[in-house]
Amino acid sequence: MQVFDILLDDDFDLKIKNGDLVIGESTSQHVLLLLASEQGSWRRAPFVGANFSKNINTNNLSTTSVIADTKKALEIDGVRVSKLEIVPQGIAFEGEY
């Protein structure tokens with residue numbers, strides 16, 4: 001299922017074209033925001049957030065637990081995750097809402 005929402009630009013500002021908000025397919029944007037968020041960042045959904053940046057910078061945390069925590073956060077938001085792994089370029093992710 002495709003998800004449509006108001007889009008953000010690369011600086012996380014509202015994307016505006018010809019004076020109007022831009023609406024488009026936003027699955028990757030939602031996933032990016034979940035990965036960038038820590039639990040407690042979203043006032044109305046305090047358990048949303050992957051704590052990814054916090055987890056990835058912890059020296060004693062295993063890759064397996066980072067992937068498990070990230071997958072759990074995505075599933076809480078309604079994403080059916082079919083692939084999630086850490087690769088040298090970042091995260092390889094496949095899934096849909």
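Computed over heavy atoms, backbone and side chain alike; hydrogens, waters and symmetry mates excluded. What you see is a predicted model; the values in this text were computed from it and never measured.
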Measuring from atom OG1 of Thr27 to atom CD of Gln29, what distance do you get when rounded to the nearest 0.5 angstrom?
10.0 Å
In terms of heavy-atom contacts, Gly49 and Ala73 come closest through O-CB, 3.5 Å
Roughly how far, to the nearest 0.5 Å, is the CZ atom of Phe12 from the CG atom of Leu32?
4.5 Å
Pair Phe93-Val79, side-chain contact (heavy atoms from CB on, under 4.5 Å): steps then yes or no:
CA-CA 11 Å; Phe93 165 80; Val79 178; 3.7 Å; yes
Going from CD1 on Ile76 to CD on Gln39, what distance comes out if it is rounded to the nearest 0.5 angstrom?
6.5 Å
Output yes when a side-chain donor or acceptor of Ser82 lies under 3.5 Å from a complementary backbone atom of Glu94, and no otherwise.
yes
Please check this pair: side chain of Ser26 against backbone of Leu7, looking for a donor-acceptor N/O pair closer than 3.5 Å.
no
Following the transitive rule for hydrophobic clusters with a side-chain heavy-atom cut-off under 4.5 Å over Ile, Leu, Val, Met, Phe, Trp and Tyr, establish whether Ile16 and Leu8 coincide in one cluster.
yes
For Asp11, is there any backbone N or O sitting under 3.5 Å from a side-chain donor or acceptor partner on Asp9?
yes
Closest approach of Val81 to Leu84 (non-hydrogen atoms, all atoms of both residues):
CG1-CB, 3.9 Å
Is there a path of hydrophobic side-chain contacts, each under 4.5 Å between heavy atoms of I/L/V/M/F/W/Y residues, joining Ile6 to Val31?
yes
Heavy-atom neighbours of Phe47 CZ exceed 12 at 6.0 Å
no
No-hydrogen, no-angle side-chain donor-acceptor test under 3.5 Å, Asp5 and His30
yes
State which residue, out of Leu34, Leu74, Leu33, fulfils the side chain to side chain contact (heavy atoms under 4.5 Å, CB included) condition with Val48.
Leu34
What pair of heavy atoms forms the shortest contact from Gln2 to Glu25, and how long is it?
CA-OE2, 3.7 Å
So, for Trp42 and Ser37, which heavy atoms are closest and what is the spacing to 0.1 Å?
NE1-OG, 2.9 Å
